[in-house]
2 protein chains.
Amino acid sequence: MGARLHSTDQVIKGLAEVFREHGFQGASLAHISKATGLGKGSLYHAFPGGKDDMAAAVLADIDAWFESHVFAPLNDADVPASKSIDHMLDACVDYFHGGGRVCLVGVFALSDTRDSFEDTVNGYFHRWADALSAALRRSGHSRALARSMTEDVLAGIQGGLVIARAFDDNGYFEREIKRLRARLKAC
Amino acid sequence: MGARLHSTDQVIKGLAEVFREHGFQGASLAHISKATGLGKGSLYHAFPGGKDDMAAAVLADIDAWFESHVFAPLNDADVPASKSIDHMLDACVDYFHGGGRVCLVGVFALSDTRDSFEDTVNGYFHRWADALSAALRRSGHSRALARSMTEDVLAGIQGGLVIARAFDDNGYFEREIKRLRARLKAC
DNA sequence: GTCTATAAAGCGATAGAC
DNA sequence: GTCTATCGCTTTATAGAC
């Protein structure tokens, strides 16, 4: 039973949990009501647009977290690039619970839900890529190499999450992060 | 609508298309009926267990394709390891339409559908990992390095598919394959 | 702001004619 | 083997009391 946590933030956390577990289509209002502790009436009062509004709110929450915890440090010229990159990988391990939590943006990217949230999904990965590329350029890499490494790292993170979940093995994700860290240092 | 392609193989191809596009939950019998050209009665005659049976048939079809086109060559000691690995990457670009087609096994791994098909999902990636590791060992790498490279490659492929779809950019996947190919050669 | 009751539509699945 | 008609249930969403 949802432990009646009705602050806006807690509701969004509950929503995120349901969408991550069941995907957009599988997240029924019955599941959502149970996870948030709110009845349908309350949910539609808070999110007049229904599930679409709820998912948009969750995505905006995720986006804001990554913006402040990951993208901003990467873009900050006052932070040493190597430090902000290390911090990015630490933040990923934390955020994705060492591989036990899927990336909702990635899940949406793979589903037909993608069409409804195309700009948000696109923007999330785009800003991540731009920020990491900027940090890599600050650490002396060419534009082309920075871009290539960035693409490789984003794929490694998302793929690590997919396979960690397929194997139900968080270690898989953590080893992938370790490999990415080494590769980013070595270049 | 569906161009009345009622051979078993064509039906399974239609099913696969629907599951890839909409996921398991989003693949309604209406969609499935349209894509296969078969009515509900015919579908339940062919798949008495309903959607679960249909998805299982699709997964078995995918599994068989990879087994014969990818895993078997990788395991074949008579084929030079470098050749079977190159062939694996070519097969992936072909099969996933250069990044425009998602990996249904990966999609299922991320969804709560995973629980229903746990063994199949697990087995698919496990046999892939074992086959690639075997090829890498034949090409002279230590057990540990072969395993690490294998994990990195599988993550790169799956992650490349996720982000290529997020950006709607097949080039992303193809560049990731190129990077993996270079890394596998360089080691 | 939260709830219950209810509407209207779509769902997976089945029955039975052909 | 394929179809149509139908069942029973769940779905999203709304209305209205409190």
Side-chain angles (χ1 to χ4, degrees), chain A residues 1-59 61 104 107-108 111-117, chain B residues 1-59 61 104 107-108 111-117:
Chain A
M1 288 293 171
R4 200 178 286 89
L5 306 162
H6 292 186
S7 88
T8 302
D9 197 60
Q10 296 280 20
V11 167
I12 288 182
K13 258 49 177 176
L15 288 171
E17 193 183 324
V18 177
F19 284 125
R20 263 191 275 260
E21 189 171 346
H22 300 286
F24 183 79
Q25 317 231 29
S28 70
L29 287 179
H31 284 137
I32 291 171
S33 187
K34 190 172 169 184
T36 59
L38 291 173
K40 292 182 193 177
S42 304
L43 288 167
Y44 275 87
H45 178 81
F47 306 99
K51 274 175 69 177
D52 277 51
D53 268 17
M54 299 179 209
V58 170
L59 288 176
D61 187 64
L104 187 60
V107 170
F108 277 19
S111 79
D112 60 351
T113 313
R114 197 197 77 98
D115 299 335
S116 309
F117 303 102
Chain B
M1 282 302 163
R4 200 176 286 91
L5 306 162
H6 292 186
S7 88
T8 303
D9 198 60
Q10 296 280 19
V11 167
I12 288 182
K13 259 46 177 178
L15 288 171
E17 193 183 324
V18 177
F19 284 124
R20 263 191 275 262
E21 190 171 345
H22 300 285
F24 184 79
Q25 317 232 26
S28 71
L29 287 178
H31 285 137
I32 291 171
S33 188
K34 189 173 171 184
T36 58
L38 291 172
K40 292 183 192 178
S42 305
L43 288 167
Y44 274 88
H45 179 79
F47 306 97
K51 274 175 69 176
D52 277 50
D53 268 17
M54 301 180 207
V58 170
L59 287 178
D61 187 65
L104 187 60
V107 170
F108 277 17
S111 78
D112 59 352
T113 313
R114 197 197 78 97
D115 300 333
S116 308
F117 302 102

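We name chains A, B, ... by the order of the sequence lines, and we start the count at 1 in each one.
What separates CG of B:L43 from P of D:dT2 is a distance of 9 Å, to the nearest Å. Taking atom CD on A:Q25 and atom P on D:dT12, their separation rounds to 10 Å, with Å as the unit. Spacing between atom NE2 of B:H45 and atom C1' of C:dA13 amounts to 16 Å, rounded to whole angstrom units. Atom CG in A:L38 sits about 6 Å away from atom P in C:dT2, given to the nearest Å. Protein atom OH of B:Y44 is 20 Å distant from nucleotide atom C1' of C:dA17, rounded to whole Å. As rounded to whole Å, 20 Å separates atom P of D:dT2 from atom NZ of B:K34.
Under the 30°/60° scheme for interplanar angles, the aromatic rings of B:F117 and B:F24 are found to stand perpendicular.
Across all strands shown, B:G39 has heavy atoms under 4.0 Å from sugar-phosphate atoms exclusively, and none from any base. Among the heavy atoms of the strands lying under 4.0 Å from A:G41 is at least one base atom, whether or not backbone atoms are also near. In this structure, B:S42 reaches the bases: a heavy-atom distance under 4.0 Å links it to at least one base atom across the strands shown. B:K40 comes within contact range of at least one nucleobase, with a heavy-atom separation under 4.0 Å.
Taking each heavy atom of B:I32 and B:L15 in turn, the nearest pair found is CG2-CD2, 3.4 Å.
For DNA chain D, if you chain together Watson-Crick or G-U pairs that step i with j, i+1 with j-1 and so on, the runs of at least three with distances under 3.5 Å are C:1-18 with D:1-18.
Checking the phosphate oxygens (OP1, OP2) of C:dT2, a side-chain nitrogen or oxygen of A:H6 falls inside 4.0 Å.
Ranking C:dT2, C:dA13, D:dT12 by closeness to the A:S28 side chain, first place goes to D:dT12. When distances are taken from the side chain of A:L29 to each of D:dT12, C:dT2, C:dA13, the shortest belongs to D:dT12.
Judged as a side chain to side chain donor-acceptor pair (under 3.5 Å), and not counting sequence neighbours, the contacts of B:S28 are B:H31.
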